[in-house]
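Note sheet for the following structure.
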Amino acid sequence: MQQVVIVLDRPGPPQAPLDYEEITAQSVTLSWKPPVDNGGSEVTGYVIEKRDLTHGGGWVPAVTHVNPRKTHALVPRLQEGTKYEFRVMAENLQGRSDPLVTDKPTVARNQYDVPGKPGKPELVDSDKDHITIKWAKPISNGGSPIVGYEVERRDLATGRWIKVSKEPVPFPEYRDDRVQEGHQYEYRVSAVNAAGAGKPSDASAAFAARPMKEAPKLRLDALFGRKIKVRAGEPINVEIPLSGAPQPVVEWKRGGVRVPETGRVAIETDWEKTALRVEASVRADSGQYNITATNDFGKDEGTVDVIVVDKPGPPQGPLTYSATTQESVSLAWSPPLDDGGGDISGYIVEVAEAGTDRWRTVPGFCPRTTFTARGLTEGQRYEFRVRAENIYGVSEALVGKPVLAKSPYDVPDAPERPNIVSYTPNSATIQWRPPDYSGGRPISGYYVEKKERGGDWHRCNNYPTPNTTFTVQDLREGQRKVDSD
């Protein structure tokens, strides 16, 4: 009779490779193949052990039992950032096999990150019973597909953020049906992938639960007097609250011409406001700006006065000299074309000797466009310049041509040679014609002089005579005389 002998033993080790199917920050999923030799009896299960290579230590149980019909298992409760190696052993009724060890250790960490921030939510539609928003997908999905979005809402009346989506929203749009008419809400969203929820988006503008079809409204009451005044060089920021749905198209004009956007001038419009922003303002930015907001349901418009103040422009020329004397010069000019946005408080008159650059201020207050500079030196040529002044500063100068400090009149030319019209033993009457050039003003009188031949001249009259005839007295009979006037 033939006998069969069966030798029972513990199983052989599981077959390689021992692979990492999935690695996260808290777990690892391992897979392997059944042992070639089950030891003569069925495998009753598998045991997995782990060893911490970061902090040190020996092998410790990780999973105490794995169903024998499965050749993969999740190893939980790992520490993020810690390096581990693993081994798996088969078990039967005779015992535990030799281990199958992973070829290389691994670090417990996600193989992908959470997604980036989605775009700021925007209003799509609203009414008294709902608000619908949309947003842009994040630039980065973190290396794992985005499975949805979590939506949060904040009622401005309470100020608390609450989650309004029970499950991640699959598309970048959400309709919120739990709103109260007239209340204003802000929204933010977070993208979700296998690693979890990423950072929330920037909070949206405040959206009101109200009808979406609304005519535009520019709320200019926020601008006191509807005027903006700035100093030249300072920025201009005109911000006007705006409402309307759909979002109004806004146009800014000045002097009937559309305001162009440049590197210095920008116009910003969104659901809440429209704004004009000007860097480093200049006087030319002053004026009345007309703002028009339009959508399919109406139109609104308003005006804002912008005043850029600065020092005045230079006085207008020419700089004229209305009168001169031996020690003074009277000047005249015209006011500046641009007063800088402030009243001209006065003018500064400066003088320098011609050909030099040694300017000095002429003493005296000058509130008008005329001034007399005194204390000059007769015969000296001078240059003058004038600056306008307001509360914001002093203008550039208007410079005049050189002028000579002298009397406005010249001495007259000499009369013609006198003629003797009659005489006596002791007198002679002479007559002459006036000079051709009187020196710029009427002749006031003549002096008559006489001398004997070879002698000196002596004046005959102590005061000028206004006539062109004169009788010379006290002559000596027989003596030759020479008369002069």
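Computed from a predicted model, the values in this text were never measured in an experiment.
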Open item on the list: Do Y84 and V75 have side chains that approach each other closer than 4.5 Å (heavy atoms only, starting at C-beta)?
Closed with: no

TODO: Look at R109 together with E80 and state whether they make a salt bridge at an N to O cut-off of under 4.0 Å.
DONE: no

Task: Where P315 and S395 come nearest, the two heavy atoms and their spacing - done: CD-OG, 3.7 Å

Open item on the list: Going by salt bridge (charged side-chain N to carboxylate O under 4.0 Å, His left out), name the residues that satisfy it together with D285, two or more places apart in sequence or in a different chain.
Closed with: R264

Task: Sequence neighbours excluded - salt bridge (Lys or Arg N to Asp or Glu O under 4.0 Å) pairs with any residue from residues 309-324 - done: K311-E396

Task: Pairwise distance OG1(T106) to NZ(K83) - rounded to 0.5 angstrom - done: 9.5 Å

TODO: Show your working on side-chain contact (heavy atoms from CB on, under 4.5 Å) between M89 and E49 and close with a plain yes or no.
DONE: CA-CA 9 Å; M89 294 157 284; E49 294 181 342; 3.5 Å; yes

- [ ] Applying side-chain contact (heavy atoms from CB on, under 4.5 Å), run through T24 and T29 and close with a yes or a no.
- [x] CA-CA 9 Å; T24 73; T29 300; over 6 Å; no

Open item on the list: Applying side-chain hydrogen bond (donor to acceptor under 3.5 Å, both in side chains), can you list everything that pairs with D339, at least two apart in sequence or on another chain?
Closed with: none

- [ ] Please confirm whether the backbone N or O of T54 pairs with a side-chain atom of D52, one donor and one acceptor, at under 3.5 Å?
- [x] yes

Open item on the list: So, taking the atom named OG in S286 and the one named NZ in K229, what distance separates them when rounded to the nearest 0.5 Å?
Closed with: 10.0 Å

TODO: Under the salt bridge (charged side-chain N to carboxylate O under 4.0 Å, His left out) rule, collect the residues that match up with R175, sequence neighbours excluded.
DONE: D177

TODO: Report yes or no: does E378 contribute a side-chain atom to a donor-acceptor pair with the main-chain N or O of K406 at less than 3.5 Å?
DONE: no

Open item on the list: I need the single residue from T269, T274, N290 that forms a side chain to side chain donor-acceptor pair (under 3.5 Å) with W252. Which is it?
Closed with: T274

- [ ] Flag the pair V282 / V308 as yes when at least one side-chain heavy-atom distance between them is below 4.5 Å, and no otherwise.
- [x] no

Open item on the list: Testing the basics here: between F384 and L319, what is the closest heavy-atom pair and its distance to 0.1 Å?
Closed with: O-CD2, 3.5 Å

Open item on the list: Before you tell me yes or no, could you show the steps for V179 and F207 under side-chain contact (heavy atoms from CB on, under 4.5 Å), namely the whole-Å CA-CA distance, both residues' side-chain angles and the distance that decides it to 0.1 Å?
Closed with: CA-CA 11 Å; V179 297; F207 303 139; over 6 Å; no

Task: ring-ring contact (aromatic ring centres under 6.0 Å, His included) contacts touching residues 336-357 (sequence neighbours left out) - done: W333-Y347

Open item on the list: Any non-hydrogen side-chain atom of T71 less than 4.5 Å from a side-chain atom of P34?
Closed with: yes

Open item on the list: Which residues pass the salt bridge (charged side-chain N to carboxylate O under 4.0 Å, His left out) test with D176, not counting sequence neighbours?
Closed with: R153

TODO: Output yes when a side-chain donor or acceptor of S330 lies under 3.5 Å from a complementary backbone atom of S322, and no otherwise.
DONE: no

TODO: Could you list the residues that satisfy side-chain hydrogen bond (donor to acceptor under 3.5 Å, both in side chains) with E272, not counting sequence neighbours?
DONE: none

Task: Side-chain H-bond candidate by donor/acceptor type, S204 with W135, under 3.5 Å - done: no

TODO: Over 60° means perpendicular and under 30° means parallel, so classify the ring planes of Y20 and F86, tilted if in between.
DONE: perpendicular

Open item on the list: Strictly distance-based, threshold 3.5 Å: is any side-chain N or O of Y174 a donor or acceptor partner for the main-chain N or O of E150?
Closed with: no

Open item on the list: Could you tell me if the side chain of P335 sits less than 4.5 Å from the side chain of T369, heavy atoms only?
Closed with: yes

Task: Heavy-atom pair with the smallest gap, counting every atom of Y46 and P68 - done: CE1-O, 3.8 Å

- [ ] Output all residues satisfying side-chain hydrogen bond (donor to acceptor under 3.5 Å, both in side chains) with D113, sequence neighbours left out; order by chain, then residue number.
- [x] none

TODO: For residues G313 and P336, report the shortest heavy-atom separation together with the two atoms involved.
DONE: O-CB, 3.2 Å

Open item on the list: If you count heavy atoms of other groups shown closer than 6.0 angstrom to CG of D436, is the number above 12?
Closed with: no

Task: Rounded distance (nearest 0.5 Å) linking atom CG of N295 with atom CG of D300 - done: 10.5 Å

TODO: Not counting sequence neighbours, which residues clear side-chain hydrogen bond (donor to acceptor under 3.5 Å, both in side chains) with T324? List them please.
DONE: none

- [ ] Without swapping roles, check the side chain of E261 against the backbone of I267 for a donor-acceptor pair under 3.5 Å.
- [x] yes

TODO: Take atom CD1 of I162 as the centre, draw a 6.0 Å sphere, and report whether it contains more than 12 heavy atoms from other residues, nucleotides or ligands.
DONE: yes

- [ ] Using the test salt bridge (charged side-chain N to carboxylate O under 4.0 Å, His left out), find all partners of K166 that sit at least two apart in sequence or belong to another chain.
- [x] none

- [ ] Return yes if some donor-acceptor pair links the side-chain N/O of S281 with the main-chain N/O of E234 below 3.5 Å, else return no.
- [x] yes

- [ ] Decide yes or no for K253 and T292: does some side-chain heavy atom of the first lie under 4.5 Å from some side-chain heavy atom of the second?
- [x] no

Open item on the list: Tell me which one of R358, R360, R387 satisfies salt bridge (Lys or Arg N to Asp or Glu O under 4.0 Å) with E350.
Closed with: R387

Task: Flag, side chain of R51 to backbone of G57, donor-acceptor distance under 3.5 Å - done: no

TODO: Supply the atom-to-atom distance R381 CZ to K401 NZ, rounded to the nearest 0.5 angstrom.
DONE: 11.5 Å

Task: From NZ (K217) to OG (S243), nearest 0.5 Å - done: 8.0 Å

Open item on the list: Quick one, L100 and P17 - any side-chain contact, counting heavy atoms below 4.5 Å?
Closed with: no

Open item on the list: Testing R277, K273, R219 one by one against E239 for a salt bridge (Lys or Arg N to Asp or Glu O under 4.0 Å), which residue passes?
Closed with: R277

- [ ] For the pair Y185 (side chain) and Q180 (backbone), establish whether a donor and an acceptor sit closer than 3.5 Å, ignoring hydrogens and angles.
- [x] yes

Task: Distance, nearest 0.5 Å, that separates OG1 of T102 from NZ of K50 - done: 13.5 Å

Open item on the list: Between S165 (side chain only) and V151 (backbone N and O only), is there a donor and an acceptor less than 3.5 Å apart?
Closed with: yes

Task: Closest non-hydrogen atom pair, P118 against S201 - done: O-CB, 3.3 Å

TODO: Sequence neighbours left out, what pairs pass salt bridge (Lys or Arg N to Asp or Glu O under 4.0 Å) with at least one residue falling in residues 117-142?
DONE: K117-D202

Task: Pairs touching residues 277-312 that satisfy ring-ring contact (aromatic ring centres under 6.0 Å, His included), sequence neighbours left out - done: none

Task: Worked verdict on V88 versus L30 for side-chain contact (heavy atoms from CB on, under 4.5 Å) - done: CA-CA 9 Å; V88 61; L30 300 171; over 6 Å; no

Open item on the list: If you define the side chain from C-beta out and look only at heavy atoms, does anything of V230 sit under 4.5 Å from V278?
Closed with: no

TODO: Could you tell me which non-hydrogen atom of D338 sits nearest to which non-hydrogen atom of G341, and how far apart they are?
DONE: OD1-N, 4.3 Å

